[in-house]
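Values below: all heavy atoms of this structure, side chains included; hydrogens, waters and symmetry mates excluded. Letters A, B, ... mirror the listed sequences (proteins, then strands); counts begin at 1.
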Amino acid sequence: MSTENLPTEEDLPEQLRIRREKRASLLERNVEPYPVSVPRTKSLKEVREKYVGLEIDVATGDVESLTGRIIFKRDTGKLCFATLREGDGTELQAMLSLDKVGQEVLDSWKADIDLGDIVSITGEIITSKRGELSILANSWTLASKSLRPLPNDHKPMSEETRVRMRYVDLIVRPEARSNARMRPAVMKSLRDTFDKANFVEVETPMLQVMHGGAAARPFKSFSNAYDMDLYLRIAPELFLKRCVVGGIERVFEINRNFRNEGADSSHSPEFAMIESYMAYGDWMSIADLTRTLVQNAAMAVAGSHVVTHHDGRQADLGGQWKQISLYDAISNGVGESVTALTPYADLKKIAEKLGMKIDPKWITGKLAEEIFEHVARHLLVEPTFVMGFPVDTSPLVRAHRELPGVAEKWDLYIDGFELATGYSELIDPVVQRDRLVEQATLGSKGDLEAMQVDEDFLRAMEFAMPPTGGMGMGVDRLLMALTGLGIRETILFPLVKPEVD
RNA sequence: GGGCCUAUAGCUCAGUCGGUAGAGCAACGGACUUUUAAUCCGUGGGUCGACGGUUCGAGCCCGUCUGGGCCCA
C-alpha cells in the first residue's frame with residue numbers, strides 16, 4: 001500500500017497524534033511496542049476460577065504472568081490500579097506499587113500506557129484491601145500499543161459505529177461478545193441434530209453456471225478461465241436434490257447464499273441457510289425435523305425451549321407448533337372465502353380494498369401470498385406452520401394430494417417473519433420440466449426472480465428421485481428468533497457501504 | 001421506490017429567537033500507596049457530513065448530494 005496519501009502527523013486528531021508519538025518514544029528508548037511474544041502463564045479466566053472465594057487482603061504467594069487489554073486505569077502517586085480484560089470479557093485488576101517496581105518503572109507505566117493497550121504483567125496473585133482479586137506487579141511489559149483511543153466504555157456506541165468497527169464493539173460491549181459466540185453454538189447444535197438423525201453434510205457449488213432453487217435475483221460474476229458468466233448461488237436446492245438422486249438419502253448443507261435484493265432489518269444480501277432433504281419423507285416429516293432443529297438450538301443457547309430476547313421478552317418455542325392453512329388465514333383476514341381457485345380478478349378487488357399496491361407482474365398465487373402477508377403475517381408471533389401455498393409460485397413442489405391449486409408447501413413463521421419453508425418435493429421429471437419452462441417464460445416476460453431451465457438437473461430427475469421431503473431455514477433468522485436481534489446484529493460483519501472522507 | 005428522523009471534539013450527546021462552539025468520558029500538565037466509571041487543581045482539542053443558496057451575519061433557514069436509522073410499499 002502506498003503511504004503517499006496517509007495523513008501526516010500534523011493532520012491527525014490530537015489523541016491519535018499523541019499515541020503515535022508515544023510509540024516513537026518507546027522505540028527511541030529501545031522498548032519494543034509490538035514484541036513477538038510476552039510472558040503468559042495463565043488466562044484471566046483461569047485465575048478467576050482458581051481463586052474464587054479468596055478473602056480480603058490475602059497474598060497467595062503464587063506468581064503468574066497475565067495478559068489483557070487495559071480497560072480502566074487509576075493512577076495515583078505511588079500505587080496504580082488498572083483493569084485488564086481478555087477476549088471473553090473476563091476482567092482482572094492489576095496493581096503496581098512503587099515499592100515493588102521502583103520509580104522508573106512506575107513512571108513509565110503512567111506515561112507510556114494508555115487505555116486500549118495490551119500488556120503482560122508478572123506478579124503475585126493477591127486480594128486488595130477492598131477484596132478485589134488482583135495481580136500485584138513485580139514487572140510488566142507492553143504486548144501491543146493501541147494507537148487509537150477506546151470509545152467511552154460506559155455509553156453504548158451508535159449502531160453504525162458498532163457495525164463498522166465490530167472489533168471495537170467486541171472489546172467494549174458484552175452483548176457483542178455473547179452474540180458472536182452464540183452463532184457457533186447454534187451451528188454446532190444444528191449439526192448435532194442432523195448427525196443424530198443420520199444426515200450427511202455436503203458442500204455444493206456457490207459459483208454456479210445457472211442459478212436456481214428459489215425465486216430471487218442473483219449476483220452475477222464472470223470467469224476469466226472459462227470465459228463465461230457465473231452466478232453466486234441463491235439456493236443449493238438443485239444440487240442437494242442431485243445428491244438425493246445419487247442415494248445420499250438424508251442430506252443437508254449449511255452455508256451462504258447470495259440474493260441481489262433489498263437489505264433491511266431482516267434481509268442481508270449474503271445470508272447463511274440450511275437446506276435439508278429426506279428421502280421417503282414429506283412436508284409433515286420435514287416439519288418435525290425443522291421443529292426439532294429449532295428446539296434443540298434453543299436448548300443449546302438458552303438451556304430451555306423458552307428463550308429470553310435481548311429486550312427481556314420471553315418466547316416459548318416448545319411443544320407442538322400450531323398449523324394454519326394459508327387460504328384459511330387469508331379468508332379470516334379479509335372476511336370472505338378465498339381458495340386457490342379464487343380468480344385473479346377477485347383477488348385483485350380484495351387487495352385494492354385493503355389499499356395494497358399491486359405489482360401488475362404478480363401472478364395469481366403471488367397476489368394471494370401478498371394478501372396473506374398484508375393481513376396475517378404480523379399476527380404470527382408464536383411458531384406457526386402456514387400450510388398449503390399456491391402451486392403456481394412453488395415450481396419445485398408437488399401438488400397437494402387433495403386440494404386443487406395448492407402445493408404441499410409450508411412456511412414457518414416466528415415473531416412475524418418467515419423462518420423456514422418445507423415441501424413435499426416434486427419428483428416427476430416431466431411435470432418438473434413443464435414448471436421450469438413456465439418459469440422461463442415468466443423470465444422472458446421480465447420477471448427477474450423467475451427460475452431458469454436447468455437441463456442437467458432435469459436429467460438427474462429423469463434417473464428417478466425417491467419421494468422426498470425438503471426444507472430450508474435461514475440461520476441468521478434462527479438467531480433472530482432466539483435473541484430478538486436484528487439481522488445485522490446476528491452477523492459479525494454485515495455489509496456496509498464504505499465510509500466517505 | 002415513497003415518507004419521516006438523523007450526521008457537531010477520539011466516544012456519547014447538548015446547542016434556545018440566525019449573533020464569539022458546549023458537557024460527560026477520553027487526552028495533556030500537576031497532587032495523591034487501596035482505587036472500582038477513583039478524586040482534586042489546571043490546560044488543550046472543532047473544515048459543525050459535502051456542495052450550493054438566502055442573509056450584514058448560518059451549526060441553526062432553503063436546495064441538492066452522501067452516509068446511517070425507522071416506517072410504508
Side chain of [X]: nearest nucleotide among [options]?
| X | options | answer |
| --- | --- | --- |
| A:H154 | B:rU33, B:rC25, B:rA27 | B:rC25 |
| A:R164 | B:rC28, B:rA37, B:rG67 | B:rG67 |
| A:K497 | B:rU34, B:rG68, B:rA38 | B:rG68 |
| A:M95 | B:rU12, B:rU34, B:rA38 | B:rU34 |
| A:E14 | B:rU36, B:rA73, B:rG45 | B:rG45 |

Same-atom distance ([atom1]) from [N] to [M], integer angstrom:
| N | M | atom1 | result |
| --- | --- | --- | --- |
| B:rU12 | B:rU8 | C1' | 12 Å |
| B:rG29 | B:rA58 | P | 38 Å |
| B:rC60 | B:rG49 | P | 8 Å |
| B:rA23 | B:rG44 | C1' | 16 Å |
| B:rU55 | B:rG67 | C1' | 29 Å |
| B:rG59 | B:rU54 | P | 16 Å |
| B:rA50 | B:rA14 | C1' | 24 Å |
| B:rC48 | B:rU39 | P | 32 Å |

Hey, does [X] reach any base, or is it just sugar-phosphate, or nothing, if we go heavy atoms under 4.0 Å?
| X | value |
| --- | --- |
| A:D57 | nothing |
| A:E160 | sugar-phosphate |
| A:K155 | sugar-phosphate |
| A:R162 | nothing |
| A:L98 | base |
| A:T83 | nothing |
| A:D359 | nothing |

Is the distance from OP1 or OP2 of [N] to the nearest side-chain N or O of [X] less than 4.0 Å?
| X | N | answer |
| --- | --- | --- |
| A:R17 | B:rA27 | no |
| A:T76 | B:rU39 | no |
| A:K22 | B:rC28 | yes |
| A:S134 | B:rU36 | no |
| A:H374 | B:rA73 | yes |

Gap between atoms [atom1] and [atom2], on [X] and [N] respectively (whole Å):
| X | N | atom1 | atom2 | answer |
| --- | --- | --- | --- | --- |
| A:D75 | B:rU36 | CG | C1' | 14 Å |
| A:L354 | B:rA73 | CG | P | 11 Å |
| A:Q93 | B:rU34 | CD | C1' | 8 Å |
| A:F81 | B:rU39 | CZ | P | 14 Å |
| A:N152 | B:rG10 | CG | P | 14 Å |
| A:R74 | B:rA27 | CZ | P | 13 Å |
| A:L12 | B:rA27 | CG | P | 18 Å |
| A:M356 | B:rG1 | CE | P | 21 Å |

Please determine whether a side-chain nitrogen of the Lys or Arg among [X] and [Y] lies less than 4.0 Å from a carboxylate oxygen of the Asp or Glu.
| X | Y | answer |
| --- | --- | --- |
| A:K357 | A:E370 | no |
| A:E86 | A:R48 | no |
| A:E91 | A:R85 | yes |

*Between A:P151 and A:R19, just flag the one whose closest nucleotide in RNA chain B comes earlier from the 5' side.*
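Result: A:P151.
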*For A:K78 and A:V496, take the nucleotide of RNA chain B holding the closest heavy atom to each; which residue's nucleotide lies nearer the 5' end?*
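First, find each residue's nearest nucleotide; the 5'-ward one identifies A:K78.
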_Working note: A:Q15 + A:R20, criterion side-chain hydrogen bond (donor to acceptor under 3.5 Å, both in side chains); need CA distance, chi angles, decisive distance, verdict._
CA-CA 9 Å; A:Q15 299 203 33; A:R20 275 167 172 73; over 6 Å; no
*Considering all heavy atoms of both residues, which atom of A:L142 and which atom of A:V38 are nearest to each other, and what is their separation?*
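Closest pair (atom of A:L142, atom of A:V38, distance): O-CG1, 3.8 Å.
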*Quick one: closest heavy-atom pair of A:T290 and A:M473, and the distance?*
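Nearest pair, atom of A:T290 first, then A:M473: CG2-SD, 4.3 Å.
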Name the pairing partner of [N], where a pair is Watson-Crick or G-U wobble with both distances under 3.5 Å, or state none.
| N | result |
| --- | --- |
| B:rA27 | B:rU43 |
| B:rA73 | none |
| B:rG67 | B:rU6 |
| B:rA21 | none |

*Can you find an N or O donor on one side and an acceptor on the other, under 3.5 Å apart, linking the side chain of A:Q15 with the base of B:rA26?*
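When only heavy-atom distances are counted, A:Q15 does reach the base of B:rA26 through a donor-acceptor pair under 3.5 Å.
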*Go through the N and O atoms of the side chain of A:E159 and the base of B:rG69, and report whether any donor-acceptor pair is under 3.5 Å.*
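No, no donor-acceptor pair under 3.5 Å.
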_Sub-4.5 Å side-chain heavy-atom contact between A:I254 and A:E275_ =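 Side-chain contact under 4.5 Å: no.
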*Does NZ or CZ of A:K409 fall inside the cone over A:Y423's six-membered ring, less than 6.0 Å from its centre and within 45° of the axis?*
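That pair does not qualify as a cation-pi contact.
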*Hey, what's the ring geometry for A:F389 with A:F372, parallel, tilted or perpendicular (30° and 60° as the breaks)?*
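Perpendicular, since the angle between the ring planes exceeds 60°.
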